[in-house]
Amino acid sequence: GDSVTQMEGPVTLSEEAFLTINCTYTATGYPSLFWYVQYPGEGLQLLLKATKADDKGSNKGFEATYRKETTSFHLEKGSVQVSDSAVYFCALTPVTNAGKSTFGDGTTLTVKP
Amino acid sequence: EAGVTQFPSHSVIEKGQTVTLRCDPISGHDNLYWYRRVMGKEIKFLLHFVKESKQDESGMPNNRFLAERTGGTYSTLKVQPAELEDSGVYFCASSQTTGAEAFFGQGTRLTVV
(Lines give C-alpha, C1' and ligand atoms only; values in the text may rest on other atoms or scores of the structure.)
Protein backbone atom coordinates (compact mmCIF):
# COMPACT_ATOMS: atom_id res chain seq x y z
CA GLY A 1 0.00 0.00 0.00
CA ASP A 2 0.85 3.66 -0.08
CA SER A 3 3.23 5.04 2.53
CA VAL A 4 4.99 8.26 3.44
CA THR A 5 8.28 8.42 5.32
CA GLN A 6 9.07 11.72 6.90
CA MET A 7 12.21 13.05 8.53
CA GLU A 8 12.15 12.41 12.24
CA GLY A 9 11.94 15.32 14.57
CA PRO A 10 11.82 17.36 16.55
CA VAL A 11 13.79 20.00 14.69
CA THR A 12 15.03 23.11 16.46
CA LEU A 13 16.46 26.02 14.47
CA SER A 14 17.45 29.59 15.08
CA GLU A 15 15.56 32.35 13.33
CA GLU A 16 16.72 32.94 9.74
CA ALA A 17 18.23 29.46 9.45
CA PHE A 18 17.64 27.25 6.41
CA LEU A 19 15.04 24.53 6.78
CA THR A 20 14.80 21.14 5.09
CA ILE A 21 12.32 18.47 6.10
CA ASN A 22 12.75 15.29 4.08
CA CYS A 23 9.82 13.31 2.76
CA THR A 24 9.83 10.20 0.59
CA TYR A 25 6.88 8.16 -0.54
CA THR A 26 5.80 4.81 -1.92
CA ALA A 27 2.71 4.71 -4.08
CA THR A 28 1.23 3.16 -7.18
CA GLY A 29 0.55 5.41 -10.09
CA TYR A 30 0.98 9.14 -9.88
CA PRO A 31 -0.29 10.50 -6.58
CA SER A 32 -0.61 14.14 -5.64
CA LEU A 33 1.76 15.28 -2.91
CA PHE A 34 1.07 17.72 -0.10
CA TRP A 35 2.57 19.44 2.87
CA TYR A 36 0.20 20.31 5.70
CA VAL A 37 0.99 22.45 8.72
CA GLN A 38 -0.60 22.45 12.15
CA TYR A 39 0.12 25.54 14.23
CA PRO A 40 -0.32 25.25 18.02
CA GLY A 41 -4.00 25.03 18.92
CA GLU A 42 -5.18 25.03 15.31
CA GLY A 43 -6.29 22.51 12.72
CA LEU A 44 -4.47 21.13 9.72
CA GLN A 45 -3.87 23.64 6.97
CA LEU A 46 -2.72 22.92 3.47
CA LEU A 47 0.69 24.55 3.03
CA LEU A 48 1.48 23.57 -0.55
CA LYS A 49 0.93 20.84 -3.08
CA ALA A 50 2.16 19.38 -6.36
CA THR A 51 0.12 17.18 -8.64
CA LYS A 52 2.65 15.88 -11.15
CA ALA A 53 6.34 15.15 -11.56
CA ASP A 54 8.68 18.16 -11.50
CA ASP A 55 5.93 20.46 -10.24
CA LYS A 56 7.06 22.87 -7.53
CA GLY A 57 4.60 23.86 -4.84
CA SER A 58 5.26 27.06 -2.95
CA ASN A 59 3.60 29.16 -0.27
CA LYS A 60 4.71 31.53 2.50
CA GLY A 61 8.36 31.12 1.49
CA PHE A 62 8.17 27.31 1.64
CA GLU A 63 8.89 25.19 -1.43
CA ALA A 64 8.80 21.53 -2.36
CA THR A 65 9.44 19.83 -5.71
CA TYR A 66 7.76 16.59 -6.81
CA ARG A 67 10.68 14.30 -7.70
CA LYS A 68 9.41 11.10 -9.23
CA GLU A 69 12.88 9.64 -9.86
CA THR A 70 13.70 9.79 -6.15
CA THR A 71 10.07 9.55 -4.94
CA SER A 72 10.64 12.57 -2.77
CA PHE A 73 8.92 15.84 -1.85
CA HIS A 74 11.31 17.60 0.52
CA LEU A 75 10.11 20.82 2.18
CA GLU A 76 12.49 23.79 2.22
CA LYS A 77 12.52 27.37 3.42
CA GLY A 78 15.44 29.70 3.10
CA SER A 79 14.93 31.70 6.28
CA VAL A 80 12.61 30.48 9.01
CA GLN A 81 10.79 32.70 11.47
CA VAL A 82 9.57 32.08 15.00
CA SER A 83 6.04 32.04 13.60
CA ASP A 84 6.91 28.97 11.51
CA SER A 85 7.03 26.85 14.66
CA ALA A 86 4.48 24.10 14.05
CA VAL A 87 4.06 20.44 13.13
CA TYR A 88 4.56 19.69 9.43
CA PHE A 89 3.00 16.67 7.72
CA CYS A 90 3.88 15.27 4.34
CA ALA A 91 1.01 13.47 2.61
CA LEU A 92 -0.04 11.86 -0.64
CA THR A 93 -3.41 11.23 -2.17
CA PRO A 94 -4.33 8.89 -4.99
CA VAL A 95 -5.73 10.44 -8.14
CA THR A 96 -9.00 8.60 -7.66
CA ASN A 97 -9.79 9.94 -4.18
CA ALA A 98 -8.15 13.20 -3.18
CA GLY A 99 -9.66 13.06 0.29
CA LYS A 100 -8.19 9.70 1.30
CA SER A 101 -4.72 10.83 2.19
CA THR A 102 -1.73 8.89 3.52
CA PHE A 103 0.30 10.95 5.96
CA GLY A 104 3.77 10.85 7.40
CA ASP A 105 4.42 10.92 11.14
CA GLY A 106 4.80 14.68 11.27
CA THR A 107 7.86 16.76 12.12
CA THR A 108 7.75 19.28 14.95
CA LEU A 109 9.67 22.44 14.14
CA THR A 110 10.65 24.92 16.82
CA VAL A 111 12.26 28.17 15.77
CA LYS A 112 14.06 30.13 18.47
CA PRO A 113 14.67 33.89 18.28
CA GLU B 1 -17.78 30.73 4.49
CA ALA B 2 -17.41 28.59 7.60
CA GLY B 3 -14.78 25.88 7.53
CA VAL B 4 -14.97 22.35 8.88
CA THR B 5 -15.99 22.51 12.53
CA GLN B 6 -15.41 19.84 15.12
CA PHE B 7 -16.87 19.47 18.61
CA PRO B 8 -15.65 19.22 21.28
CA SER B 9 -12.12 20.52 20.92
CA HIS B 10 -11.01 18.46 23.90
CA SER B 11 -12.52 15.51 25.76
CA VAL B 12 -11.23 13.61 28.77
CA ILE B 13 -13.10 10.43 29.66
CA GLU B 14 -12.51 7.35 31.74
CA LYS B 15 -11.80 3.96 30.25
CA GLY B 16 -15.07 2.16 29.54
CA GLN B 17 -17.10 5.31 29.00
CA THR B 18 -18.67 6.44 25.76
CA VAL B 19 -17.70 9.54 23.79
CA THR B 20 -19.27 11.06 20.70
CA LEU B 21 -17.33 13.39 18.45
CA ARG B 22 -19.07 15.61 15.96
CA CYS B 23 -17.99 17.08 12.64
CA ASP B 24 -19.80 19.75 10.64
CA PRO B 25 -18.40 19.83 7.10
CA ILE B 26 -18.33 22.81 4.80
CA SER B 27 -21.81 23.39 3.47
CA GLY B 28 -22.40 21.61 0.17
CA HIS B 29 -19.51 19.17 0.60
CA ASP B 30 -20.75 15.67 -0.10
CA ASN B 31 -17.53 13.98 0.96
CA LEU B 32 -16.62 13.69 4.62
CA TYR B 33 -13.55 11.95 6.03
CA TRP B 34 -12.46 10.95 9.51
CA TYR B 35 -8.80 10.59 10.46
CA ARG B 36 -6.95 10.17 13.73
CA ARG B 37 -3.45 10.70 15.04
CA VAL B 38 -2.52 8.39 17.89
CA MET B 39 0.55 8.70 20.13
CA GLY B 40 2.14 11.37 17.96
CA LYS B 41 2.38 9.02 15.02
CA GLU B 42 1.06 9.48 11.51
CA ILE B 43 -2.44 10.69 10.79
CA LYS B 44 -4.42 7.63 9.71
CA PHE B 45 -7.52 7.43 7.58
CA LEU B 46 -10.57 5.99 9.32
CA LEU B 47 -13.47 6.28 6.89
CA HIS B 48 -15.10 8.20 4.07
CA PHE B 49 -18.74 9.21 3.61
CA VAL B 50 -20.33 10.28 0.36
CA LYS B 51 -23.46 12.05 1.53
CA GLU B 52 -24.97 9.66 4.06
CA SER B 53 -23.35 6.49 2.67
CA LYS B 54 -20.12 4.92 3.91
CA GLN B 55 -17.90 4.77 0.83
CA ASP B 56 -14.85 3.32 2.55
CA GLU B 57 -14.51 2.29 6.18
CA SER B 58 -11.33 0.28 5.79
CA GLY B 59 -9.50 2.31 8.41
CA MET B 60 -11.91 1.80 11.29
CA PRO B 61 -9.88 0.03 13.97
CA ASN B 62 -12.59 -2.16 15.51
CA ASN B 63 -16.29 -2.41 16.27
CA ARG B 64 -16.04 -0.06 19.23
CA PHE B 65 -16.07 2.75 16.70
CA LEU B 66 -19.33 3.77 15.01
CA ALA B 67 -19.61 6.60 12.50
CA GLU B 68 -22.85 8.02 11.21
CA ARG B 69 -23.90 10.78 8.88
CA THR B 70 -27.66 10.86 8.96
CA GLY B 71 -29.10 13.17 6.33
CA GLY B 72 -25.74 13.63 4.72
CA THR B 73 -24.86 16.75 6.70
CA TYR B 74 -22.92 16.53 9.96
CA SER B 75 -21.26 13.34 11.11
CA THR B 76 -20.69 11.73 14.49
CA LEU B 77 -18.02 9.29 15.56
CA LYS B 78 -18.88 7.31 18.68
CA VAL B 79 -16.38 5.31 20.67
CA GLN B 80 -18.00 2.78 22.99
CA PRO B 81 -16.47 1.64 25.26
CA ALA B 82 -13.37 3.78 25.10
CA GLU B 83 -9.96 2.22 25.73
CA LEU B 84 -6.67 3.87 26.68
CA GLU B 85 -5.24 3.32 23.19
CA ASP B 86 -8.03 5.41 21.67
CA SER B 87 -6.39 8.57 23.00
CA GLY B 88 -5.28 10.89 20.24
CA VAL B 89 -6.45 13.64 17.95
CA TYR B 90 -9.41 12.95 15.69
CA PHE B 91 -9.59 15.02 12.51
CA CYS B 92 -12.47 15.49 10.14
CA ALA B 93 -12.17 16.72 6.57
CA SER B 94 -14.62 17.47 3.78
CA SER B 95 -14.48 18.00 0.04
CA GLN B 96 -16.96 18.89 -2.65
CA THR B 97 -16.06 15.91 -4.84
CA THR B 98 -13.73 12.94 -4.41
CA GLY B 99 -11.22 14.58 -6.74
CA ALA B 100 -11.24 17.95 -5.01
CA GLU B 101 -9.03 19.21 -2.21
CA ALA B 102 -10.15 18.23 1.27
CA PHE B 103 -10.35 20.84 4.04
CA PHE B 104 -9.59 19.81 7.59
CA GLY B 105 -11.10 20.79 10.90
CA GLN B 106 -9.10 21.74 13.97
CA GLY B 107 -9.43 18.26 15.44
CA THR B 108 -10.76 16.83 18.70
CA ARG B 109 -8.18 15.82 21.27
CA LEU B 110 -9.46 12.73 23.08
CA THR B 111 -7.80 11.56 26.26
CA VAL B 112 -8.89 8.28 27.83
CA VAL B 113 -7.71 7.83 31.42
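We name chains A, B, ... by the order of the sequence lines, and we start the count at 1 in each one.
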Counting heavy atoms not belonging to [X], are there more than 12 under 6.0 Å from its [atom1]?
X      : atom1 : answer
A/E8   : CD    : no
A/E16  : CD    : no
A/K52  : NZ    : no
B/Q96  : CD    : no
A/K112 : NZ    : no

| query | Going only through I, L, V, M, F, W and Y residues with side-chain contacts under 4.5 Å, is there a path from B/L32 to B/F103? | reply | no
| field | A/L44 to B/F91 - nearest heavy-atom pair and separation | value | CG-CE2, 4.0 Å
Select one option (side chain, backbone, both, neither) describing which atoms of [X] are under 4.5 Å from chain B's heavy atoms.
X     : value
A/L46 : side chain
A/V87 : side chain
A/Q38 : side chain

| query | Would you find a donor on one side and an acceptor on the other, under 3.5 Å apart, between the side chain of A/D105 and the backbone of B/E42? | reply |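 A pair under 3.5 Å: yes.
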| query | Where the side chain of B/Y35 meets the backbone of A/S101, is there a donor-acceptor pair that is under 3.5 Å apart? | reply | yes
| field | Proximity breakdown for B/T108 and chain A, heavy-atom pairs closer than 4.5 Å | value |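 B/T108 has no heavy atom closer than 4.5 Å to chain A.
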| task | Please determine, among B/R109, B/K44, B/R37, the option with the most heavy-atom pairs under 4.5 Å with chain A. | result | B/R37
